[in-house]
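Everything on this sheet refers to the single structure shown next.
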Protein chains: 2
Amino acid sequence: MKKPKSVERELSAEKTEAILDGAMQEFLAHGYAATSMDKVAATAGVSKATVYSHFQDKQGLFSSLMQRLASKKELFNLQKLQAVQDNPASFLKGFASGMLDNVAADPQMITFLRIIIGESGRFPELARAFVQNIEKPVLEMLTQYFVSHPEIQVQDPEVAARVFVGTLVHFVLLRDVLHSGDIVPMERDRLLNNLVNHVIIAKTDPNKT
Amino acid sequence: MKKPKSVERELSAEKTEAILDGAMQEFLAHGYAATSMDKVAATAGVSKATVYSHFQDKQGLFSSLMQRLASKKELFNLQKLQAVQDNPASFLKGFASGMLDNVAADPQMITFLRIIIGESGRFPELARAFVQNIEKPVLEMLTQYFVSHPEIQVQDPEVAARVFVGTLVHFVLLRDVLHSGDIVPMERDRLLNNLVNHVIIAKTDPNKT
DNA sequence: GTCTATACCGCGATAGAC
DNA sequence: GTCTATCGCGGTATAGAC
């Protein structure tokens with residue numbers, strides 16, 4: 001009775017995908033605690049028992065899913081960055097534009113950020129994976145860029161990278177995550193143009209303390 | 001036996017305080033969804049029915065509490081800022097130190113940030129209250145400082161304030177909120193010293209695009 | 001105004017048929 | 001390998017005594 005290779009039975013990888021997809025929908029929509037495994041199973045189109053046969057428990061499913069999201073560098077703009085040969089100002093503006101348009105404009109990405117930060121107390125290893133896979137490469141890439149472009153006389157390349165990324169993250173946080181673009185208004189291009197100046201022109205202050 | 005105006009009966013404000021205190025403990029410890037009204041009542045030392053007589057429901061209690069926290073400017077360092085007459089570099093370093101030491105070092109403040117951001121999807125008015133009461137005054141104060149100190153030739157004071165605050169918030173986010181101080185290491189004073197240079201020295205870039 | 005006791009529901013997780 | 005059915009617990013919210 002055992003068929004050579006059944007097409008409908010014995011499969012698992014497809015369901016795993018379906019479960020992860022359903023879980024992503026639910027977790028991103030309602031957060032960790034407010035998401036029920038019943039809804040996850042329903043959205044995935046499988047039974048709850050199947051979910052528990054593929055993943056140990058709710059925490060395991062959540063962690064697997066979020067680790068997976070935090071590793072998908074393609075979701076962010078971490079690949080098309082070394083090709084450009086523009087001048088520094090253009091490169092930095094282009095990088096920032098990509099971050100603001102490709103990442104911050106995606107509602108799912110904003111929700112993902114909310115969850116990573118909101119659950120960083122109870123899921124610290126998740127937060128660390130996010131920093132390791134997303135933030136660290138960005139900071140290192142920018143640092144490397146500042147180091148390898150001597151025409152930009154930056155005193156401390158790592159700090160310059162922090163200033164650049166920090167300003168952008170803070171902007172996204174206020175405007176997109178916290179829905180407060182009207183409370184502390186700031187035009188996108190105005191920030192970008194001036195931010196570049198703050199980063200690439202930073203020599204020693206003649207007024208020593 | 002009935003006293004003219006009993007001191008132990010008919011009171012309500014004390015219990016309200018107790019409930020808010022208990023709710024703060026629980027919500028800050030477990031987040032919104034994972035907090036139970038039973039635990040809130042137990043921590044407050046009252047019965048669950050009393051909680052529901054003082055607040056409409058869980059959402060109402062949560063919102064009242066968080067709005068209250070977001071309005072407590074004293075919890076942040078928003079008062080002792082205009083007294084100083086130092087030079088700009090010292091003032092900015094002092095301000096940043098206060099933010100990093102008084103705010104970011106307090107675990108409750110970190111947890112509060114996690115909740116505000118994590119619940120900003122379902123409680124947008126809470127996030128907006130936080131920005132209105134905390135972030136906006138800080139940005140405006142720094143902007144005013146840059147404007148009223150002509151010796152700092154900053155091209156765009158509002159952007160400079162954003163760069164300054166954004167870098168600090170991002171630093172706190174990585175180090176304290178996301179537990180990743182070891183993944184992307186940065187010494188506190190090294191950031192502060194160089195950040196000041198990035199902010200107060202920002203003239204026009206000779207390389208126009 | 002505050003308590004105890006409870007109604008009612010949905011949760012995470014599992015047992016057993018197929 | 002996946003399903004249906006169910007267990008036990010803990011959730012929010014309320015009714016009624018005092």
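Note that the structure is predicted; figures quoted are calculated from it, not measured. Naming: A, B, ... by sequence-line order, numbering from 1 per chain.
Residue B:H54 places at least one side-chain N or O under 4.0 Å from the OP1 or OP2 atom of C:dT2. Checking the phosphate oxygens (OP1, OP2) of C:dG1, no side-chain nitrogen or oxygen of B:S12 falls inside 4.0 Å. Of the side-chain N and O atoms in B:Y52, none sit less than 4.0 angstrom from OP1 or OP2 of D:dT14. An OP1 or OP2 oxygen of C:dT2 is reached within less than 4.0 angstrom by no side-chain nitrogen or oxygen of B:S47.
Side-chain atoms of A:T50 and A:S47 form a donor-acceptor pair, as typed in the model, at a separation below 3.5 Å. Residues A:S97 and A:R188 have side chains that bring a donor and an acceptor to within less than 3.5 angstrom of each other.
When the salt bridge (charged side-chain N to carboxylate O under 4.0 Å, His left out) test is applied to B:D156, the partners found at least two apart in sequence or on another chain are A:R190.
Note: CG (B:D38) to P (C:dA5) measures 14 Å, nearest angstrom. Put simply, CG on B:D57 is 9 Å from C1' on D:dA13, counting in whole angstrom units. Spacing between atom NZ of B:K58 and atom C1' of D:dA13 amounts to 12 Å, rounded to whole angstrom units. What separates CD of A:Q56 from P of C:dT14 is a distance of 9 Å, to the nearest Å.
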Working note: A:H170 + B:E135, criterion side chain to side chain donor-acceptor pair (under 3.5 Å); need CA distance, chi angles, decisive distance, verdict.
CA-CA 11 Å; A:H170 183 243; B:E135 281 266 7; 3.1 Å; yes
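A salt bridge links B:R68 and B:E17; the closest N-O separation between the charged side-chain nitrogens and carboxylate oxygens is under 4.0 Å. Ion pair B:R114/B:D176 not flagged as a salt bridge, since none of the NZ, NE, NH1 or NH2 atoms sits closer than 4.0 Å to an Asp/Glu carboxylate oxygen.
For B:T50, the listed nucleotide lying nearest its side chain is C:dC3; candidates were C:dC3, D:dC3, D:dT12.
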Identify all side-chain donor-acceptor contacts of residues 19-28 of chain B below 3.5 Å with residues at least two apart in sequence or on another chain.
unit_1: B:E26; atom_1: OE1; unit_2: B:H30; atom_2: ND1; d: 3.3
unit_1: B:E26; atom_1: OE2; unit_2: B:T43; atom_2: OG1; d: 2.9

Determine all donor-acceptor pairs shorter than 3.5 Å in which one atom belongs to a side chain in residues 124-131 of chain A; sequence neighbours excluded.
unit_1: A:R128; atom_1: NH1; unit_2: B:H179; atom_2: O; d: 2.9
unit_1: A:R128; atom_1: NH1; unit_2: B:D182; atom_2: OD1; d: 2.8
unit_1: A:R128; atom_1: NH1; unit_2: B:D182; atom_2: OD2; d: 3.4
unit_1: A:R128; atom_1: NH2; unit_2: B:D182; atom_2: OD2; d: 3.1

Please list each protein N or O that sits under 3.5 Å from an N or O in nucleotides 15-18 of chain C, with the distance.
none

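Taking 3.5 Å as the limit, the base of C:dG12 and the side chain of A:K48 contain a donor-acceptor pair of atoms between them.
Contacts between residues 26-37 of chain A and DNA chain C, defined by a heavy-atom separation below 4.0 Å, involve A:T35, A:S36, A:M37, listed by number.
Residue pairs meeting the salt bridge (Lys or Arg N to Asp or Glu O under 4.0 Å) criterion with at least one member in residues 48-64 of chain B, sequence neighbours excluded: B:D38-B:K48.
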